[in-house]
Each structure stands twice: as structure tokens, then as C-alpha cells.
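Below: the structure, in C-alpha cells.
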2 protein chains.
Amino acid sequence: MVTSTSPVAAFAALGDETRWAVLEALADADPAAGLTASALAARLPVTRQAIAKHLVVLEAAGLVDSRAVGRERRYRALGAELTALGRRLERIGDAWEARLGRIASIAEHLERG
Amino acid sequence: MVTSTSPVAAFAALGDETRWAVLEALADADPAAGLTASALAARLPVTRQAIAKHLVVLEAAGLVDSRAVGRERRYRALGAELTALGRRLERIGDAWEARLGRIASIAEHLERG
DNA sequence: AAGTGATGCAACCAGAGGGTTGCATATTGG
DNA sequence: CCAATATGCAACCCTCTGGTTGCATCACTT
């Protein structure tokens, strides 16, 4: 797990429609090659610079990968990180539900005396 | 599934530390009773009004539940929604990874001739 | 060597958002 | 009925952020 930053940052990163559009475009692209900021800007209705900023956020959140290839920089979507984040959320939710279950069973015991 | 709004809104809601603090406080509380905005404000270092706004966001995102009890309003954390959201994320991540796997296997086939 | 295309950095703008204070309103308890 | 407590609503402030334009830079191609 290379998940460097806090999950909260990752959720904040996922809390923006444009960023999802970027992620989906990256997921659609050839993972081996990746996509450049310019290529993404061609597909989406915002400037290259705006895309670049989103990519910074996504990379800081660990949801995206980049490598320099000559004069361009190729980005890839990291599905595994998304999966890990999802599992984390799932565990937390389950824990909360479990607590609810315990309370319910205690209440049941009390009722029965 | 009562998940009304878009998942993006839910992620945005989860992209704030204070909101996590609120959620955790709610998860710690007795689920049957819940907590009021005032009670939460007593536990956290922000105003009741700030808490109230966060609760609006969390409820709109479907992560929190509320019911009026006399003159007060009790909030509960909905762990199940969190779990569902987590599963969703997991599925998307897995799909992206699967695509990566397909590409890899195609490449392998091509190499073998 | 020169032109072209891609990136990076900086300034700037407008709107959203987290936070506060203040006040009005409603409901409970004596 | 009256006082106390909890909520709701509104205005306001400041920061963050998504977006833009403009310019400098750097690497590939011819």
C-alpha cells in the first residue's frame, strides 16, 4: 500500500465531478501508456492548466500515478488505491453497524431480565 | 438503499476532518438515542451553528439520520450507508484493475504470437 | 539551429465553504 | 404563565479552490 496521505484527502479529491471525469478518462485509456494533461484537456471541457491542478490533487491523494516520458508526463489511474479506500470505508461502516447490533442485543437481554 | 444523492456529494462530505469528527462522535454515541447538535458542539471545538451546517451536509449526503424529539433533534450515523459507499468504490477500483489485467493478457497473447 | 508542441509557474477572478456572532422562535419545566 | 434551553435563520468574514489567461522553459523534429 503506497497510500501516503490521509484518507480524508482522498475523499476530498473524490468529491469533485471534474476529478471523476479525469479519473474515468484515465481508466478508459491504455493503462500501459497513460494519458497526458493535454490529452485529457482535449477530452474534457476545461483548460489544460485546470486539468494539471486536478492531477496534482489526485496524485497527492495517491489515486493517480505519473511518469515523465520525454517532454511529456503520462498519468495512470490507480484502481487498486480506490479499492483499498473502499474497503477501508466498508470496515468503518461495518464497525458502526456492529456497535448498533451490540446495543440491540444488550437491550434484548435487559428486556428478558 | 436510501442513498438519495450522488456518491460524489457523499465523498465531498467525507472530505472534511470536522465532519469525520462529527460522524465518529455520533458513532460513539448510543445509536438508539442519537446526539443533538448542541451535544456535539459540547464535544467538539466548534460552534453549534457550525455543527448544524455540517449535519445538514451529512444528512444531504445520506450519511446521517435525524428525528425531532420534543424541542430537540437527534442525529444518528448511518454506518450502512458508509458500507454501501465503500463497496461501490471497491467495485469501481476492481473494474479498473480488471481492465488493466485484460490489457496485460492481450499483450501476453500478442507476444506469444 | 530553429520551430513546434508539451509542460510548469504565476497572477488573477469569482464563487463556494467553514466558521463566527446575533437574533428570532419554539418547547419544556416549574 | 414564565423562564430556560434547543433549534433555526441570516448576515458577515476569510480562506480555499476551481477556473482562466499569459508567459517561460524544455525537449523533440526537421
Side-chain angles (χ1 to χ4, degrees), chain A residues 5-26 29-30 32-77, chain B residues 5-26 29-30 32-77:
Chain A
T5 37
S6 96
V8 178
F11 290 128
L14 292 177
D16 180 276
E17 301 278 2
T18 305
R19 232 127 49 196
W20 271 101
V22 167
L23 282 176
E24 282 163 4
L26 288 179
D30 176 6
L35 283 181
T36 71
S38 302
L40 284 164
R43 284 167 177 72
L44 298 176
V46 287
T47 323
R48 172 186 62 89
Q49 285 82 344
I51 300 279
K53 286 204 227 169
H54 284 305
L55 287 171
V56 168
V57 173
L58 288 170
E59 190 161 23
L63 298 172
V64 143
D65 199 53
S66 85
R67 67 188 208 282
V69 176
R71 72 179 155 188
E72 57 188 18
R73 176 163 289 270
R74 301 256 174 76
Y75 290 87
R76 281 182 320 180
Chain B
T5 37
S6 97
V8 179
F11 291 127
L14 293 177
D16 181 276
E17 301 279 2
T18 306
R19 231 124 52 194
W20 271 102
V22 167
L23 282 176
E24 282 163 6
L26 289 178
D30 176 5
L35 284 181
T36 71
S38 301
L40 283 163
R43 284 168 176 73
L44 299 176
V46 287
T47 324
R48 173 187 60 90
Q49 285 83 343
I51 299 279
K53 286 204 227 170
H54 284 306
L55 287 171
V56 168
V57 173
L58 287 170
E59 190 160 26
L63 297 171
V64 144
D65 199 53
S66 85
R67 66 188 209 281
V69 175
R71 73 179 152 189
E72 57 188 19
R73 176 162 291 269
R74 301 256 175 74
Y75 290 86
R76 282 183 320 179

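Because the structure is predicted, anything quoted here is derived from the model rather than measured. Convention: sequence-line order gives letters A, B, ...; per-chain numbering from 1.
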Is there a side-chain contact between Val22(B) and Val64(B) (heavy atoms, below 4.5 Å)?
no

Counting the atoms with a prime plus P, OP1 and OP2 as sugar-phosphate, which does Ala37(B) contact under 4.0 Å by heavy atoms, base, sugar-phosphate, or nothing?
sugar-phosphate

Which pairs of donor and acceptor atoms, one on a side chain in residues 45-57 of chain B, lie under 3.5 Å apart (sequence neighbours left out)?
{"unit_1": "His54(B)", "atom_1": "ND1", "unit_2": "Arg19(B)", "atom_2": "NH1", "d": "3.2"}

I need the CD-P distance between Glu17(B) and dC16(D), as an integer number of Å.
15 Å

Looking only at heavy atoms, which two atoms of Leu35(A) and Ala29(A) are closest? And how far apart?
CG-CB, 3.5 Å

To the closest 0.5 Å, what do you measure between OG (Ser66(A)) and CZ (Arg76(A))?
9.5 Å

On a heavy-atom basis, the closest approach of Ala68(B) and Arg73(B) is CB-NH2, 3.6 Å

Can you check whether Leu14(A) reaches Leu23(A) side chain to side chain, under 4.5 Å on heavy atoms?
yes

Tell me the interatomic distance from Leu55(B), atom CG, to dA6(D), atom P, rounded to whole angstroms.
15 Å

In dot-bracket form, 5' to 3', how is DNA chain D paired? Count Watson-Crick and G-U wobble pairs only if both distances fall under 3.5 Å, and write | where the partner sits on another strand.
||||||||||||||||||||||||||||||

Would you give a per-nucleotide map of nucleotides 17-30 of chain D, 5' to 3', where B means the base has a protein non-hydrogen atom under 4.0 Å away, S means only the sugar-phosphate does, and - means neither?
-SBBBB----BS--

Whole-Å distance separating the CZ atom of Arg73(B) from the C1' atom of dT27(C):
14 Å

Determine the contact category for Ala52(B): base if any of its heavy atoms lies under 4.0 Å from a base atom, sugar-phosphate if only primed atoms, P, OP1 or OP2 are that close, otherwise nothing.
nothing

Going through the checks in order, is the side chain to side chain donor-acceptor pair (under 3.5 Å) test met by Glu72(B) and Thr36(B)?
CA-CA 7 Å; Glu72(B) 57 188 19; Thr36(B) 71; 5.1 Å; no

Write down the atom of Ala61(A), the atom of Ala9(A), and the distance for their closest heavy-atom approach.
CB-O, 4.2 Å

